[in-house]
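Only one structure is covered here, and it is reproduced in the block below.
If you're wondering where the values come from, they're calculated on a predicted model, not measured in any experiment.
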Amino acid sequence: MGVGGHFWDLLKPYGRTEDFDFLRDKKVAVDLSFWTVQHETAIKKRGIARNPHLRIAFFRTINLFSKLGAFPVFVLDGVPSRLKAQARIARFLQATGIDLSGLPVAEEGVPIERNRAFTRCIQECVELLELLGMPILRARCEAEALCAQLNSEGHVDACITADSDAFLYGAKCVIKCLRSNSKEPFECYHMSEIEAGLGLKRKQLVAISLLVGNDHDLQGVPGIGVDTALRFVQLFPEDEILNRLCEVGKGDVLFLRGSPKAVVDCNIATGDESAKTRSPHCSHCGHPGSKRAHLKDACTHCNVYGYEKCMQKPVGFKCECFICDKDRRSKQLKRHENWQIKICKKIAAEQNFPNDEIIEMYLSENHWSFSENDGLPLFWGSPRIEALVDFLAYHQHWEPSYIRQRMLPMLSTIFLREMASKTKDGLLLCDQYEFHSIQRVKIRYGHQFYLVKWKRAIPSMGNVTYTIPNEESDSHQSEPLGVMESADVLDEPDVPEILVDDGCWFLLTDENMELVQAAFPKEVDRFLLEKELKESKSKGKKSRNKAGNGDRSGSPKSNGIQLSITEFYRSSKVLVQATNEEDPAKNSENSGEAPMRKSKKRVTRSSPNLPKSVRKRLLFH
């Protein structure tokens with residue numbers, strides 16, 4: 001949830017959309033609990049998957065690591081605070097319509113964990129992520145708090161969470177929603193842009209959360225929404241806002257005169273006693289002076305515009321004289337003071353406002369569950385393939401071949417990174433395949449990738465046959481029977497293509513061009529040279545064909561023109577006839593009925609008005 005009162009709508013104008021390559025080679029902290037809950041709920045509504053939490057953790061981690069090129073760090077929730085546990089119970093009872101007046105207060109030091117089913121799901125996800133070689137951290141309290149601290153201290157480049165209070169914990173870059181299989185860019189919020197747009201910093205955002213509610217206090221101050229809280233908080237600088245809230249909570253309202261804007265307005269309103277006494281104005285033209293005097297001669301203001309007599313004032317006329325301007329500003333100040341007093345009364349009516357425990361929780365810089373002397377355990381290891389196959393075969397009832405196939409994008413990414421960093425000596429990928437060549441450049445999601453061929457290094461078994469799905473086949477045909485799934489919801493990675501050429505087996509995967517360049521620079525140079533030669537030959541051939549076929553009207557004239565369907569699917573009988581007409585010697589060797597068929601076809605073309613039955617006999621003779 002995070003900050004209440006539609007806080008995300010307040011930040012929406014200051015978010016930006018990032019493209020496909022934003023996370024490449026960047027470290028990101030992932031709030032595992034929210035990630036699991038958010039997408040597991042969407043899948044459960046459709047009832048299409050077994051153990052959706054494991055599917056989400058498996059497929060999304062592979063996509064985040066291989067397709068987006070990021071280095072994810074998964075963060076777990078620790079023991080919730082007393083206030084968080086109390087708010088969680090209150091939210092549940094509020095949704096069920098139960099009276100909250102008799103709600104017991106959680107005692108200090110007594111942890112209230114999540115339900116056992118959710119705890120089991122998270123533990124299974126942790127086991128899966130450990131088998132994938134991902135680093136996992138456990139927060140002291142809130143996972144988004146540790147994600148924010150990792151981001152603020154520079155350990156990671158961004159946080160993936162939809163809890164808006166990550167900004168209150170100090171996050172610098174928050175990715176709200178990430179769909180790795182979507183072509184659309186994802187929402188990304190930078191604290192620097194929020195500060196520039198709203199003029200608010202971290203402590204001021206904390207003050208807004210205290211007024212509108214948060215995960216630790218659902219109600220906040222009744223009667224104060226996000227817009228009102230924003231207007232009130234903007235009156236004070238960041239260093240003063242929390243102290244001023246404490247003073248208002250004690251019933252002190254006089255401090256409002258200390259705000260810079262109020263001081264200026266008060267000096268304008270009280271500096272001249274004449275501002276309180278408004279001079280008479282003409283009801284005809286609206287300018288200072290009496291109407292009788294203005295009937296004889298035009299007033300000074302009307303004379304400025306060249307009028308001999310005062311003109312009738314238009315609808316909505318406002319006098320701009322010094323006295324009227326002071327009067328309007330004085331009334332505006334009075335309304336502003338009344339609004340401030342009204343807000344202060346609402347705040348003062350709340351007991352124990354603001355809660356110092358919530359403030360300390362948001363501003364704390366110690367959300368680790370381990371000692372800092374132990375060092376930050378951020379290490380991305382290699383997946384334990386066989387153990388992972390056994391784990392998923394047990395929990396998901398998947399075939400081992402299906403698991404290895406889905407893991408290949410992640411394994412190929414690790415292989416290329418190790419080759420680029422010179423930590424690998426060219427050993428076989430998955431102990432079966434090795435880098436062979438680059439087949440072509442592929443466009444995916446509007447970006448270019450190399451389609452890499454991986455050659456199987458071990459000999460294949462005898463006369464084993466393998467069905468190669470075509471490009472139009474469903475990507476879920478290899479899924480175990482009885483499972484109907486949606487790639488949009490489950491974020492399944494792209495299935496590697498399989499190619500059998502001259503008895504050799506190849507796998508085709510899409511790889512980042514820069515990563516392939518760093519891992520195999522010679523192969524990339526060879527591919528680019530061959531590509532350039534092919535393009536030059538193709539251009540020369542097209543130019544020669546264009547020159548030689550310039551006077552031919554029967555063939556297509558341009559590649560940019562859509563051909564008729566008959567150009568693709570010509571009648572085989574017409575081709576046979578044309579062949580027979582061109583080679584009369586062959587026609588003489590055929591049976592005696594051949595000339596008759598030829599003449600009948602000629603009759604068919606020259607006599608389109610023949611009955612349908614006659615045309616059928618002639619066609620299938």
Requested in this report: Report the C-alpha separation of W398 and R406 in whole Å, then their side-chain angles, then the decisive distance to 0.1 Å, and conclude whether the side-chain contact (heavy atoms from CB on, under 4.5 Å) test is met.
Outcome: CA-CA 11 Å; W398 291 345; R406 263 47 181 187; over 6 Å; no
Can a donor-acceptor pair be found, under 3.5 Å and without considering hydrogens, that links the side chain of [X] to the backbone of [Y]?
X: D163; Y: D165; result: no
X: N214; Y: V3; result: no
X: S437; Y: Q439; result: no

Could you give the distance from [atom1] ([X]) to [atom2] ([Y]), rounded to the nearest 0.5 Å?
X: K67; Y: N63; atom1: NZ; atom2: CG; result: 4.5 Å
X: I194; Y: Y14; atom1: CD1; atom2: OH; result: 9.5 Å
X: N355; Y: D217; atom1: CG; atom2: CG; result: 7.0 Å
X: I62; Y: M407; atom1: CD1; atom2: CE; result: 6.0 Å
X: Y433; Y: L507; atom1: OH; atom2: CG; result: 4.0 Å
X: L168; Y: M361; atom1: CG; atom2: CE; result: 12.0 Å

Report task. Verify the neighbour count for atom CD of E124: are there more than 12 heavy atoms of other residues, nucleotides or ligands below 6.0 Å? Result ->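 Result for CD/E124: enclosed.
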Requested in this report: Look at atom NE2 of H447 and say whether more than 12 heavy atoms of other residues, nucleotides or ligands are closer to it than 6.0 Å.
Outcome: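 For H447, atom NE2 is crowded (more than 12 foreign heavy atoms under 6.0 Å).
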Requested in this report: Show your working on side-chain contact (heavy atoms from CB on, under 4.5 Å) between L128 and L388 and close with a plain yes or no.
Outcome: CA-CA 7 Å; L128 176 63; L388 189 60; 3.3 Å; yes
Without placing hydrogens or testing angles, list every side-chain donor-acceptor pair under 3.5 Å for residues 515-532, not counting sequence neighbours.
none

Report task. Could you tell me whether the side chains of S401 and E399 share a donor-acceptor contact shorter than 3.5 Å? Result ->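 E399 and S401 do not have a side-chain donor-acceptor pair below 3.5 Å.
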Query raised in the report: So Q149 and Y169, side-chain contact (heavy atoms from CB on, under 4.5 Å) or not? Walk me through it.
Result: CA-CA 7 Å; Q149 184 175 351; Y169 287 112; over 6 Å; no
Query raised in the report: Can you pull the salt bridge (Lys or Arg N to Asp or Glu O under 4.0 Å) pairs that have at least one residue in residues 380-390, sequence neighbours excluded?
Result: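 Of all non-adjacent pairs touching residues 380-390, those that pass salt bridge (Lys or Arg N to Asp or Glu O under 4.0 Å) are E386-R404.
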Query raised in the report: Among pairs that include at least one residue of residues 16-28, which meet salt bridge (Lys or Arg N to Asp or Glu O under 4.0 Å), considering only residues two or more places apart or in two chains?
Result: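 Passing the test, one end in residues 16-28: R16-E18, R16-E193, D21-R24.
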Report task. Take L64 and L23 through the side-chain contact (heavy atoms from CB on, under 4.5 Å) test and state the conclusion after the steps. Result -> CA-CA 9 Å; L64 188 61; L23 292 178; 4.1 Å; yes
Report task. Determine, using ring centers only, whether F435 and W454 are less than 6.0 Å apart. Result ->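 Yes, the ring of W454 comes within the 6.0 Å limit of the ring of F435, centre to centre.
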Query - Partners meeting side-chain hydrogen bond (donor to acceptor under 3.5 Å, both in side chains) with S421 (sequence neighbours left out) - result: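 Here the qualifying residues are T423.
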Ignoring hydrogens and angles, write down the donor-acceptor pairs under 3.5 Å from the side chains of residues 137-147, residues two or more places apart or on other chains.
{"from": "R138", "atom 1": "NH1", "to": "D77", "atom 2": "O", "distance (Å)": "3.0"}
{"from": "R140", "atom 1": "NE", "to": "W368", "atom 2": "O", "distance (Å)": "3.1"}
{"from": "R140", "atom 1": "NH2", "to": "W368", "atom 2": "O", "distance (Å)": "3.4"}
{"from": "E142", "atom 1": "OE1", "to": "K84", "atom 2": "NZ", "distance (Å)": "2.7"}
{"from": "E142", "atom 1": "OE2", "to": "K84", "atom 2": "NZ", "distance (Å)": "3.1"}

Query - Counterpart residues, side-chain contact (heavy atoms from CB on, under 4.5 Å), relative to N151 (two or more places apart) - result: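 By the side-chain contact (heavy atoms from CB on, under 4.5 Å) rule, N151 matches V156, C159, A171, K172, C173.
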